[in-house]
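Bear in mind that the values here come from a model prediction, so they are computed numbers and not experimental data.
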Amino acid sequence: MNGIKQQSPVYSSKIESEEVAMKITQNMKIGNIWFNENGRSIIRNYAPDIEKEPLFIIIQASTLAEYASTKLIHPNPAGWLKDILQELEDVEISREWEPDTPPPPYEDSSVANGSTDLHAVDFAEKWSVFEIELRGPSHGNPYMDVELGAQFTCGGQSVDVRGFYDGEGIYRIRFMPLAEGEWVYRTTSNCRTLRGIEGRFTCTAPKVGNHGPVRVADTFHFAYEDGTRYLPIGTTCYVWTHQTEELEEQTLLTLAETAFNKIRMCIFPKSFIFNENEPLRYPFMGSLEEGWDFTRFNPEYFQHLERRIADLGRLGIEADLILFHPYDRWGFATMAPSVDRRYLQYITARLSAFRNVWWSLANEHELLWDKPDEDWERFGQIVTDNDPYGHLISIHNFVNVFDYSRPWITHCSLQKSETDRSAAWRKQWGKPIVIDECAYEGNISPFWGNITGEDMVRRFWEGAMRGGYAGHGETYFDPKDILWWSKGGVLHGSSPQRIKFLREVIEQAPSGVLDPLMNEFEFIAGVKDEFYLYYFSSRQPCYYDFIMKPGSFYKVEILDTWNMTIEEVDGIFEGGFQIKLPGRSYIAVRLQRV
């Protein structure tokens with residue numbers, strides 16, 4: 001990613017931090033060395049054109065040894081590596097760690113406990129956002145200095161929730177009631193003004209269309225909390241919430257006309273090809289020119305984000321929130337570990353009560369060179385510890401697949417073009433397979449952004465037939481750089497309506513999902529002896545010989561997955577029989593026992 005600037009973080013916290021020094025070895029990632037001024041100077045001496053590489057961000061995520069071995073311009077890679085390591089021997093790389101200690105009391109004993117008014121409604125429907133608003137002091141830095149929470153109790157159920165500061169002396173605690181009935185609550189805080197405030201509300205039955213948060217169901221699939229089946233038909237619009245009001249509204253109108261019920265989206269802004277515009281808001285106080293105060297969040301930024309998450313919820317769309325990503329020129333990808341922790345605690349406090357939220361720790365986690373593998377384990381623990389509702393959570397890869405066996409990971413979020421491997425991945429991980437990125441329908445230069453609509457639909461079908469779920473994205477060139485995959489707007493491709501047809505076919509299955517009926521060479525899914533779906537992908541047979549169980553009788557339908565037609569074949573079939581087919585690609589045959 002040529003031309004991305006590294007922004008040095010600015011800290012105003014008075015909390016003492018500890019720096020942990022790291023020795024430079026051939027296995028250290030170039031980004032860690034590049035972030036150090038002396039290290040950057042030495043790398044430039046040995047690789048003067050390194051910044052001009054088309055995907056400099058990938059180089060930053062590579063080790064010195066990997067870079068040396070792939071550079072053909074080095075006649076002696078081993079010698080080049082030895083020489084640069086010798087010069088880097090005296091350069092010290094460090095990570096800053098802030099002790100995880102609770103802040104001291106925020107007010108002295110002269111302030112009465114619970115001395116502010118509470119604003120909250122008396123009724124809230126199940127799985128909605130119930131919010132407590134409190135007015136409190138704002139001296140010092142409430143983002144750092146004030147801890148706030150509440151315990152909610154209903155019958156024998158008790159839930160502890162973290163609150164957050166929303167600027168201008170306003171504090172909020174958000175809660176998603178998981179059971180109908182009367183809930184009572186009491187606040188906790190190191191701020192006496194906010195401590196020990198009690199209240200109650202009645203949780204009513206959910207309204208039509210409110211099915212609760214999505215959960216894993218039947219090991220490899222999903223369902224809403226109330227048991228209603230959920231089929232993730234996802235798309236990607238990475239930074240659609242960082243655009244103009246007009247463009248964001250256009251994106252919502254477009255989504256309302258599609259079958260997409262999940263959208264991958266970044267919390268932080270993005271800097272990449274077709275993503276060179278500056279965002280309208282920033283997550284921290286400060287500026288790009290003078291640096292960020294990473295101890296003070298910008299409430300306006302997060303208020304806008306949660307407004308859009310609520311808009312998606314009204315459309316029945318899950319917001320798959322990407323918490324970190326590498327495509328950055330502001331310094332949000334290289335924050336100190338202590339800032340990462342506070343950010344994760346803040347974002348979960350603000351957003352966990354929204355039922356349509358999923359967590360994705362990272363997009364292309366390996367490219368975040370500043371975050372070693374142990375960070376992702378730590379982040380997963382922080383998010384799950386601070387999300388009392390157990391929202392779905394995963395992490396997305398660039399090349400190297402994460403260890404999805406980790407107990408805090410609910411499903412596999414993959415970047416892979418081979419959607420037909422879904423069955424193998426199901427067997428390997430024992431969790432739902434969501435191939436969020438299988439390339440994008442479009443016509444731009446990068447290989448990942450120019451597959452045809454036919455190819456996108458094929459990948460969706462092959463993934464579904466193997467028991468997984470593919471994800472959509474679109475990258476058609478636009479002179480104004482408004483590509484759906486990043487900024488949203490309108491769709492231009494031919495795949496979305498065919499993906500909608502696939503969703504309808506799956507929903508008509510007796511079980512409401514597709515499970516593979518294993519065959520190495522063919523795509524067959526269904527329920528043995530009851531329901532079969534054969535998909536012929538890009539092949540074009542003019543007939544097919546079916547060998548079914550004698551004594552079981554089936555009606556047969558021919559599905560044209562591209563033209564979106566269903567033709568019932570005359571007669572009832574049993575045992576071995578032959579069905580004439582159109583002799584073109586993307587045909588499926590559905591057999592249902594009668």
Side-chain angles (χ1 to χ4, degrees), residues 7 9-13 129 131 133 138 141-144 146 148 162-174 237-249 251-252 263-272 275-313 319-336 338-354 356-357 359-363 383 386 486-488:
Q7 183 72 19
V10 175
Y11 303 99
S12 64
S13 170
V129 178
E131 181 176 283
E133 180 182 305
S138 59
N141 183 353
Y143 297 104
M144 295 283 292
V146 175
L148 175 65
R162 178 186 288 270
F164 62 93
Y165 183 60
D166 205 21
E168 299 182 351
I170 298 175
Y171 298 80
R172 303 186 191 279
I173 301 171
R174 289 178 177 156
C237 288
Y238 283 124
V239 285
W240 76 276
T241 60
H242 297 273
Q243 312 309 316
T244 64
E245 183 81 7
E246 180 183 13
L247 184 54
E248 290 178 4
E249 290 295 328
T251 302
L252 290 168
I263 185 169
R264 294 176 68 229
M265 51 189 283
C266 299
I267 291 179
F268 289 135
K270 181 179 179 181
S271 180
F272 192 49
N275 288 265
E276 298 174 359
N277 59 308
E278 204 63 27
L280 302 178
R281 307 164 192 84
Y282 298 96
F284 297 93
M285 298 298 189
S287 67
L288 181 61
E289 295 74 25
E290 298 181 7
W292 309 107
D293 183 350
F294 283 130
T295 70
R296 295 178 183 269
F297 296 101
N298 178 8
E300 180 190 2
Y301 183 93
F302 295 96
Q303 290 162 6
H304 176 77
L305 172 64
E306 64 202 22
R307 178 164 70 91
R308 290 314 190 192
I309 291 173
D311 289 336
L312 293 172
D320 194 353
L321 300 176
I322 298 168
L323 297 172
F324 294 98
H325 69 81
Y327 301 100
D328 170 73
R329 65 169 178 265
W330 303 276
F332 306 141
T334 53
M335 301 185 297
S338 56
V339 181
D340 289 337
R341 171 179 54 79
R342 286 197 300 273
Y343 156 65
L344 292 175
Q345 290 173 335
Y346 189 76
I347 202 70
T348 49
R350 291 199 74 116
L351 301 181
S352 289
F354 289 84
N356 64 316
V357 159
W359 307 117
S360 177
L361 286 192
N363 186 63
V383 172
N386 289 277
S486 186
K487 298 179 182 177

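Side-chain rings of W330 and F284 stay apart, their centers remaining 6.0 Å or farther from each other. Ring centroids of Y282 and H242 are separated by 6.0 Å or more, keeping the two rings apart.
Taking the six-membered ring where tryptophan is involved, the planes of Y346 and Y143 are perpendicular, since the angle between them exceeds 60° and thus also 30°. The aromatic rings of Y165 and Y171 lie tilted to each other, with the angle between the two planes from 30° to 60°.
A 4.5 Å side-chain heavy-atom check between L351 and L305 finds at least one atom pair inside the cut-off. In this structure the side chain of P299 never reaches within 4.5 angstrom of the side chain of F164, judged on heavy atoms. Using a 4.5 Å cut-off on side-chain heavy atoms (C-beta onward), L280 and H304 make no contact. Contact of the Y343 side chain with the L323 side chain is registered, since non-hydrogen atoms from C-beta on lie closer than 4.5 Å. The shortest side-chain heavy-atom distance between V339 and T295 does not fall under the 4.5 Å cut-off. Annotation: side chain of F297 is not in contact with side chain of P283 (no heavy-atom distance under 4.5 Å). Residues N363 and R264 form a side-chain contact, since some pair of their non-hydrogen atoms from C-beta on lies under 4.5 Å apart. R350 is listed as a side-chain neighbour of D166, based on a closest heavy-atom distance under 4.5 Å.
In summary, R329 and E276 do not engage in a salt bridge, as defined by a charged side-chain N under 4.0 Å from a carboxylate O.
Across all their heavy atoms, T241 and R281 have their closest contact at O-NH1, 4.4 Å. For the pair F294 and G331, the tightest heavy-atom approach, listed with the atom from each and the gap, is CZ-O, 4.0 Å. Taking every heavy atom of both residues into account, N356 and I309 meet most closely at ND2-O, 3.1 Å. When all heavy atoms of H325 and F268 are compared, the pair lying nearest together is NE2-O, 3.4 Å. Of all heavy-atom pairs spanning M265 and A319, the tightest one is SD-CB, 4.0 Å. Shown here for C237 and G488, the closest heavy-atom pair between the two residues is SG-CA, 4.0 Å.
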Residue pair E245, R308: steps toward the salt bridge (Lys or Arg N to Asp or Glu O under 4.0 Å) verdict: CA-CA 11 Å; E245 183 81 7; R308 290 314 190 192; 3.4 Å; yes

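A donor-acceptor pair is defined here as one N or O able to donate and one able to accept, closer than 3.5 Å; such a pair exists between the side chain of D328 and the backbone of F332. Looking only at distances, no side-chain donor or acceptor of N386 sits under 3.5 Å from a matching main-chain atom of A349. With hydrogens and angles ignored, the 3.5 Å screen pairs a side-chain donor or acceptor of T348 with a backbone N or O of Q345.
Note: F302 CZ to E300 CD = 11.5 Å, rounded to the nearest 0.5 Å. Atom OG1 of residue T334 and atom CZ of residue F324 lie 11.0 Å apart, to the nearest 0.5 angstrom. The SG atom of C266 sits 10.5 Å away from atom CG of D320, with the distance rounded to the nearest 0.5 Å. One finds the CG atom of L247 at 8.5 Å from the NZ atom of K487 (value rounded to the nearest 0.5 Å). Distance check, rounded to the nearest 0.5 Å: CD of E248 to CZ of R307 gives 7.0 Å. A distance of 7.5 Å separates CD1 in I347 from CG in L321, rounded to the nearest 0.5 Å.
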